[in-house]
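Structure first, then comments.
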Amino acid sequence: KKSSKTQQLPPGPFTVPILVRILWLRSLRKSFSEFEPIIRNLHTRYGPMVTLRIGKRPVIFVANRDLAHKALVQNGAVFADRPPAFPISKILSSNQHIISSAFYGPTWRILRRNLTSEILHPSRVKSYSRARKWVLDILINRLISHSTTESGNVNPVVPIDHFQYAMFCLLVLMCFGDKLSETHIKEIEDAQRHLLLGSSRFYMLNFWPTLGKIIFRKRWEEFSELRRSQEDLLMPLIEARKRVKQERAGRAKEDDVDTDDEFVVSYVDTLLDLKLPEEKRKLEDGEMISLCSEFLDAGTDTTSTALQWIMANLVKYPNVQERVLAEIKGVVVEDGEKEVKEEDLHKLPYLKAVVLEGLRRHPPGHFVVPHAVTEDVVLDGYLVPKNASLNFMVADMGWDPKVWEDLMAFKPERFLSGGGGEVFDITGSREIKMMPFGAGRRICPGFGLAMLHLEYFVANLVWNFDWKAVDGDEVDLSEKQEVTMVMKYPLKAHLSPRF
Ligand code: HEM
């Protein structure tokens, strides 16, 4: 519904914006993890829609699945905008010229369509299967070498860094082509991680940007230095793809045929010819760097966090791990075959159920990227003004007792269709029962790729190793807010190779 003058913002605590800003800054210095329980308490007190005044803009939180569906799916176009970025994000996103922060309009449409049709299309995703196998081998070798000492003793492994590195490798190869060395990948990972982890340190620069340039001069310099080092690392890779493209074009002209069957299109290749519709020009170097950086970040921590939560539950509940293994045994027919092939994943419904249950119980992001509306509207009788920032309680949507029985238990069976063949709709198009990837027009475009990565790596990790809890160090499922919602006590497990 359109709004009228009498409509009010959703309820919320009375706050003095300047005080909230100061408290916000102080709390950021300590920990971000207090934030979600506060919003949850406010929902208990005020209902499914709550307003908080943190800065100049009201921030509205929605905790109800039906309202999320009404907004994001039924009125998708109105709720698909993004708020203006804070100064730091503005620099990192080249003025909101990346998919996740672009305003809803032609630029967002062309950038998103390029990603979905040129890179995330199933046939293109298939062309990266060699890269996935390469990364799987790296991961398995790393896990083996970390679980045995030189004297042959077995050590428990803390796999999260290896998961992160593996997911990062995959995304780098898709982004810059599959001919990069491990050393090079590690360098890029370090630069990206510095920026990502530093983001909470630089958050303070968003407030009072003009005066802050003087007060926080050192921190601004540190931020500029990190962005520069990111540019120094990524730009040569982009330039290298430009050269490959030119050489191929030259060869194609001479021979009139494409001789290089091995060639795999990378994300950068698709950006080189892209034209921004509003500015009517090609992408600038800075914009390409920002888009590559978005691509790497979006698919790395999210997926490796989910992978860690899923493996933690398989260690905690050995009967679930046994069932995954038994299902794989029915599919891998060749004796001694070490790989569960991705072509076989669709024959493993229980594995898929395990991944879905992992995403429901432990969604890597407990909020979506902030949304905005394209015009003042009314939702559930309350005004959602154009200048508001709007968010949705992702974790709470998947923990609704009206939908899920015994909701905090890890029960993959709830996703088995019982022979009916009905596949669970993760996009929430008809009804939102959980939304780990968001919903509607801004839904994560990478959800298919993420599901593939999770199914492929969970299957192969279980197929290659028996995962066991470490005596006296039981798996603890407490959470901690970092870039994503991670395990407060990272998974530690004994791994016995099965081959
Ligand atoms: C388990 C893994 C992943 C999870 C849980 C996840 C989750 C999300 C969520 C919650 C959003 C915000 C949706 C919204 O604002 O309403 C999002 C956006 C996005 N994700 Fe993912 N994601 C994952 C993997 C990936 C991968 C592998 C890619 C790409 C390679 C990707 C690319 C993006 C992009 C570009 C956006 C912005 C979409 C837009 O604003 O239109 N994500 N993701």
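When a residue number appears, it is its place in the shown sequence, counting from 1. Every value quoted in this text rests on a predicted model; they were computed, and no experiment measured them. Order of appearance sets the numbers: ligands from 1, and atoms from 1 within every ligand.
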- Item | Nearest protein heavy atom with distance in Å, relative to atom 34 (C) of ligand 1 | Pro445 CD, 3.5 Å

- Have a look at ligand 1 and work out which part of Pro436, if any, has a heavy atom under 4.0 Å from it: side chain, backbone, both or neither. backbone

- Ion pair check, Lys245 and Asp269, cut-off under 4.0 Å: no

- Looking only at protein heavy atoms, identify the closest one to atom 6 (C) of ligand 1 and say how far it is in Å. Phe437 CD2, 3.6 Å

- Task: Please check if atom NZ in Lys242 has more than 12 non-hydrogen atoms from other residues, nucleotides or ligands closer than 6.0 Å.
- Result: yes

- Message: Suppose we measure from atom 28 (C) of ligand 1 to each protein heavy atom; which comes out shortest, and what is that distance?
- Response: Gly446 CA, 3.7 Å

- Honestly, is Arg323 close enough over Tyr350, meaning NZ or CZ under 6.0 Å from the six-membered ring centre and within 45° of the axis? yes

- Query: Between Ser478 and Tyr489, which heavy-atom pair has the shortest distance, and what is it?
  - Reply: OG-CE1, 4.1 Å

- Note on the structure: Numbered in order shown, the ligand 1 atoms found under 4.0 Å of a heavy atom of Val368 are 14 (C), 15 (O), 16 (O)

- Note on the structure: Partner of Glu357 under salt bridge (charged side-chain N to carboxylate O under 4.0 Å, His left out), picked from Arg414, Lys411, Lys352, is Arg414

- Query: Of the choices Met451, His362, Met435, Arg442, which has the non-hydrogen atom that lies closest to atom 39 (C) of ligand 1?
  - Reply: Arg442

- Note on the structure: atom 8 (C) of ligand 1 sits nearest the protein heavy atom Cys444 CB, 3.5 Å

- Provide, to 0.1 Å, the distance between atom 26 (C) of ligand 1 and the closest protein heavy atom, together with that atom's residue and name. Gly299 CA, 3.6 Å

- Message: Within the 4.5 Å heavy-atom criterion, are Arg441 and Phe79 side-chain neighbours or not?
- Response: no

- Looking only at protein heavy atoms, what sits closest to atom 30 (C) of ligand 1 is Phe295 CE1, 3.7 Å

- Task: Can you sort out which atoms of ligand 1 are near Pro364, meaning under 4.0 Å from one of its heavy atoms?
- Result: 5 (C)

- Return yes or no for this condition: an N or O of His371 is under 3.5 Å from an N or O of ligand 1. yes

- Query: Is it true that atom NZ of Lys433 has more than 12 heavy atoms of other residues, nucleotides or ligands lying nearer than 6.0 Å?
  - Reply: no

- Query: For the rings on Trp404 and Phe415, is their centre-to-centre separation under 6.0 Å?
  - Reply: yes

- Locate the shortest heavy-atom distance separating Ile188 from Leu233; write the atom from each residue and the value. CA-CD1, 4.1 Å

- Note on the structure: Any heavy atom of Arg82 under 4.0 Å from ligand 1? The part involved is side chain

- Item | Sub-4.0 Å heavy-atom contact, Gly365 with ligand 1 | no

- Query: Should Glu294 be counted as touching ligand 1, given the test is an N or O pair under 3.5 Å?
  - Reply: no

- Within-shell test, Phe447 vs ligand 1, heavy atom, strictly < 4.0 Å: no

- Is there side-chain contact between Val73 and Arg430, with heavy atoms separated by less than 4.5 Å? no

- Query: Which residue and non-hydrogen atom of the protein lie closest to atom 32 (C) of ligand 1, and at what distance in Å?
  - Reply: Ala298 CB, 3.4 Å

- Query: Ring centroid separation for His366 and Trp399, is it under 6.0 angstrom?
  - Reply: yes

- May I ask you to check whether Arg112 has an N/O atom sitting below 3.5 Å from an N/O atom of ligand 1? yes

